[in-house]
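These figures come from a predicted structure and were not determined experimentally. Quick note: residue numbers are just sequence positions, from 1.
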Amino acid sequence: MANRAPVRTNNSALIAMIADEDTITGFLLAGVGNVDLRRKTNYLIVDSKTTVKQIEDAFKEFTAREDIAIVLISQYVANMIRFLVDSYNKPIPAILEIPSKDHPYDPAHDSVLSRVKYLFSTESVAGDRR
């Protein structure tokens, strides 16, 4: 372990989060949180007072930032901005939908899973033609 190369912080990528307070708190306790010099955070806590516009703005901001590699978004929050999540097609940052304490995971609404199913159905059709 002593032979490990040090992690360079200027090239490190962050994980951004858009979720309920309990989910965000868990990730912050795990060390995922970040506040930059401009006092910008890498998370948005969604509660009953959070507007859809605020969620949309946070999603657009996180996906445009070059220092973010993954955006974790609670699935019920992603459903509020489903048109944005489904239309996002860049590989980085990756968008991952996660369950929350009060809203269980529903694979029928997961954008990544639906894209994988589409790819496999396309490949299976193409494979049958050979």
Q: Please identify each residue that fulfils side chain to side chain contact (heavy atoms under 4.5 Å, CB included) with Asp57, with sequence neighbours left out.
A: Lys53

Q. With sequence neighbours excluded, what pairs up with Ile45 under the side chain to side chain contact (heavy atoms under 4.5 Å, CB included) test?
A. Glu21, Ile24, Tyr43

**Q.** 4.5 Å side-chain heavy-atom contact, Leu84 and Lys60
**A.** yes

Q. Less than 4.5 Å apart, any side-chain heavy atom of Leu96 and any of Ile73?
A. no

(Q) According to a hydrophobic-cluster definition based on side-chain heavy atoms being under 4.5 Å apart (Ile, Leu, Val, Met, Phe, Trp, Tyr only), do Ile70 and Leu29 belong together? (A) no

Q. Which distance, rounded to the nearest 0.5 Å, do you find between the CD1 of Ile15 and the CG of Leu72?
A. 5.5 Å

(Q) I'd like to check the side-chain hydrogen bond (donor to acceptor under 3.5 Å, both in side chains) partners of Asn34; sequence neighbours left out, ordered by chain and number. (A) none

Q: Compare every heavy atom of Leu44 with every heavy atom of Ala58, then report the nearest pair and how far apart it is.
A: CB-CD2, 3.6 Å

(Q) My understanding is that only residues two or more places apart in sequence, or in another chain, count here; which of them pass side-chain hydrogen bond (donor to acceptor under 3.5 Å, both in side chains) with Asp20? (A) Thr23

(Q) If you define the side chain from C-beta out and look only at heavy atoms, does anything of Thr63 sit under 4.5 Å from Ile68? (A) no

Q) So, for Gln75 and Arg82, which heavy atoms are closest and what is the spacing to 0.1 Å? A) O-NH2, 4.2 Å

Q. Taking side chain as C-beta onward, heavy atoms only, is Val71 less than 4.5 Å from Met17?
A. no

Q) Do you know which two heavy atoms are closest between Pro93 and Phe62, and how far apart they sit? A) CG-O, 3.9 Å

Q) Under a 4.5 Å side-chain heavy-atom rule over Ile, Leu, Val, Met, Phe, Trp and Tyr, are Phe83 and Val52 clustered together? A) yes

Q) Would you call Phe59 and Glu61 a side-chain contact if the rule is heavy atoms closer than 4.5 Å? A) no

Q.
Distance check, rounded to the nearest 0.5 Å: Asn42 atom CG versus Asp36 atom CG?
A. 9.0 Å

Q | Ser74 OG to Met80 CE distance, which is reported to the nearest 0.5 Å | A | 9.0 Å

Q: Please report the closest heavy-atom contact between Tyr76 and Val46, naming both atoms and the distance.
A: OH-O, 4.0 Å

Q: Just jot down the side-chain hydrogen bond (donor to acceptor under 3.5 Å, both in side chains) partners of Asp47, sequence neighbours excluded, or say none.
A: Thr50

Q: Taking side-chain hydrogen bond (donor to acceptor under 3.5 Å, both in side chains) as the test, write out the residues that go with Gln54, two or more places apart.
A: Thr51

